[in-house]
There are 2 protein chains.
Amino acid sequence: MNPGKQLDRQSRILQAALDLLSRHGISGVNMRAVAREAGVALGLVNYYYEDKSTLIRAALRRIDEDDLMLVTPDPALPPDEQLRQALRRVAGPEYLTTQYLSLRLHLWALAQADEGFALINAAAFERYLQGLATLIGNANPELSGEECRQRAADIVVVQNGMWLTALLGVDRASIQRSIARTEQIAFAAAS
Amino acid sequence: MNPGKQLDRQSRILQAALDLLSRHGISGVNMRAVAREAGVALGLVNYYYEDKSTLIRAALRRIDEDDLMLVTPDPALPPDEQLRQALRRVAGPEYLTTQYLSLRLHLWALAQADEGFALINAAAFERYLQGLATLIGNANPELSGEECRQRAADIVVVQNGMWLTALLGVDRASIQRSIARTEQIAFAAAS
DNA sequence: GTAGGAGTTGAACAAGCGTTCAAGACCCTG
DNA sequence: CAGGGTCTTGAACGCTTGTTCAACTCCTAC
């Protein structure tokens with residue numbers, strides 16, 4: 001065994017797949033291109049990922065993990081700051097890059113075309129929604145669980161819109177105003 | 001010449017491409033599948049559309065036309081009703097179908113992967129934004145042009161979010177609340 | 001040192017792809 | 001009916017794709 005190198009090669013292959021998907025869409029992700037981009041031989045891609053479908057699934061799970069981290073609270077902060085940070089992080093420089101957004105878009109499109117991918121994506125969406133609802137509940141203890149989920153759903157709509165619209169090159173100012181809108185929804189007084 | 005039938009076949013081919021794109025993504029759109037779906041021979045697809053790329057471009061333009069109609073005012077209505085209708089139409093039954101949304105998503109993904117497609121898409125986006133800004137200006141004559149464009153941009157963020165989130169199966173109620181949010185933005189008092 | 005497993009390679013295969021094209025079908029005009 | 005354009009067909013081509021596999025290298029355990 002050589003765990004260091006094994007992980008290195010395998011994750012380089014996954015990273016190559018993610019890069020290609022982000023840059024050229026699913027048509028640009030073929031086993032040969034992935035191997036070239038990762039600097040390995042063609043056969044090695046099929047060695048670590050049984051299928052092309054397996055490789056794409058792995059990529060999907062990777063992105064979904066990243067998304068979930070957005071609503072993972074920092075326990076050192078008070079609840080309302082945890083929520084505020086989570087809402088602002090979506091427009092942070094590490095997420096609002098063309099590469100990352102493009103990747104998300106292609107994975108959504110993929111999930112729409114393939115039922116297997118759709119299940120993974122739907123589960124991740126549900127976890128994200130639940131995570132956000134929990135953050136809202138912690139910051140607003142007077143809200144009911146149902147009200148928290150409603151607000152989380154409304155916020156997700158705006159966030160998805162920010163992501164998508166950022167790709168189309170809408171100005172930063174509009175993104176900032178949308179962030180403020182999500183905070184408004186999150187911290188509004190109970191109705 | 002047989003213009004009726006020619007148009008019939010040609011548009012059936014385009015429709016077949018749109019259907020396949022919506023259902024299976026770009027990987028599902030190949031000349032043979034398009035021909036089969038349209039009920040014509042393989043060669044006819046290349047007869048009407050020189051290239052696969054030409055076919056996809058035609059599909060892109062078709063969708064962009066539909067989008068533009070969303071902000072085309074009905075001259076019989078007063079300005080504020082024109083705006084309100086435009087904002088509500090995006091959640092109407094003819095637009096909020098899985099088929100249409102899925103198609104949009106795939107076309108966005110396509111535009112992200114190919115520069116030529118991106119140009120068409122960006123131009124259509126700009127026209128839509130401008131159309132929406134004009135509607136807002138007509139309904140709120142006291143607003144400056146810049147303020148109208150800002151509001152249009154903010155509304156587009158929420159609308160894009162609604163479209164995308166509807167695909168992930170978020171509940172109708174959240175969509176309705178988001179519609180209300182776009183109306184709030186559109187009709188807010190001047191700041 | 002050597003047997004054996006894990007990692008790695010690229011040639012080979014079958015299937016699918018976009019595109020071309022010679023041939024035919026169809027329909028109007030003279 | 002003969003001519004000629006437009007429309008329509010499907011076989012054929014060369015290329016790319018996903019997948020398989022025999023061979024090879026490398027490292028470790030005994």
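Chain letters run A, B, ... following the sequence lines, proteins first and then strands; every chain starts at 1. What you are looking at is a predicted structure, and each value in this text was computed from that prediction instead of being measured.
B:R12 places its CZ atom 14 Å from the C1' atom of D:dC7, with the value rounded to the nearest Å. The interatomic distance linking A:D8 (CG) with C:dT8 (C1') rounds to 14 Å, in whole Å. Rounded to whole Å, atom P of C:dG10 lies 13 Å from atom CZ of A:R36. Spacing between atom CD1 of B:I56 and atom P of C:dC17 amounts to 13 Å, rounded to whole angstrom units. Spacing between atom CD1 of B:I13 and atom C1' of D:dT8 amounts to 10 Å, rounded to whole angstrom units. Regarding B:Y49, its OH atom lies at a distance of 15 Å from the C1' atom of D:dC7, rounded to whole Å.
Nearest-nucleotide positions on DNA chain C place A:Y47 closer to the 5' end than the other of A:L42 and A:Y47. For the pair B:G43 and A:K52, nearest-nucleotide mapping onto DNA chain D gives the more 5' position to B:G43.
Applying the side chain to side chain contact (heavy atoms under 4.5 Å, CB included) rule to A:A41 yields no partners; only residues at least two apart in sequence or on another chain are considered. With sequence neighbours left out, A:A190 forms a side chain to side chain contact (heavy atoms under 4.5 Å, CB included) with A:E142, A:L143. For A:Y49, there are no ring pair (Phe, Tyr, Trp, His ring centres under 6.0 Å) partners two or more places apart in sequence or in a different chain.
Taking the ring axis of B:Y48 as reference, the NZ or CZ atom of B:R12 does not stay both within 45° of it and closer than 6.0 Å to the ring centre.
Comparing C:dT8, D:dT9, D:dT20 against the side chain of A:N46 picks out D:dT20 as the nearest.
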Return a table of donor-acceptor pairs under 3.5 angstrom between the side chains of residues 105-115 of chain A and protein atoms on other chains or two or more places apart.
from, atom 1, to, atom 2, distance (Å)
A:D114, OD1, A:G116, N, 2.7
A:D114, OD1, A:F117, N, 3.0

Hey, can you pull the donor-acceptor pairs under 3.5 Å for the side chains in residues 121-131 of chain B, sequence neighbours left out?
from, atom 1, to, atom 2, distance (Å)
B:E126, OE2, B:R149, NH1, 3.2
B:Y128, OH, B:Q159, OE1, 2.6
B:Q130, OE1, B:R149, NH1, 2.8

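Note on A:R9: a side-chain N or O is less than 4.0 Å away from OP1 or OP2 of C:dT8.
Across residues 18-32 of chain A, A:V29, A:N30, A:M31, A:R32 each have a non-hydrogen atom less than 4.0 Å from an atom of DNA chain D (numbered order).
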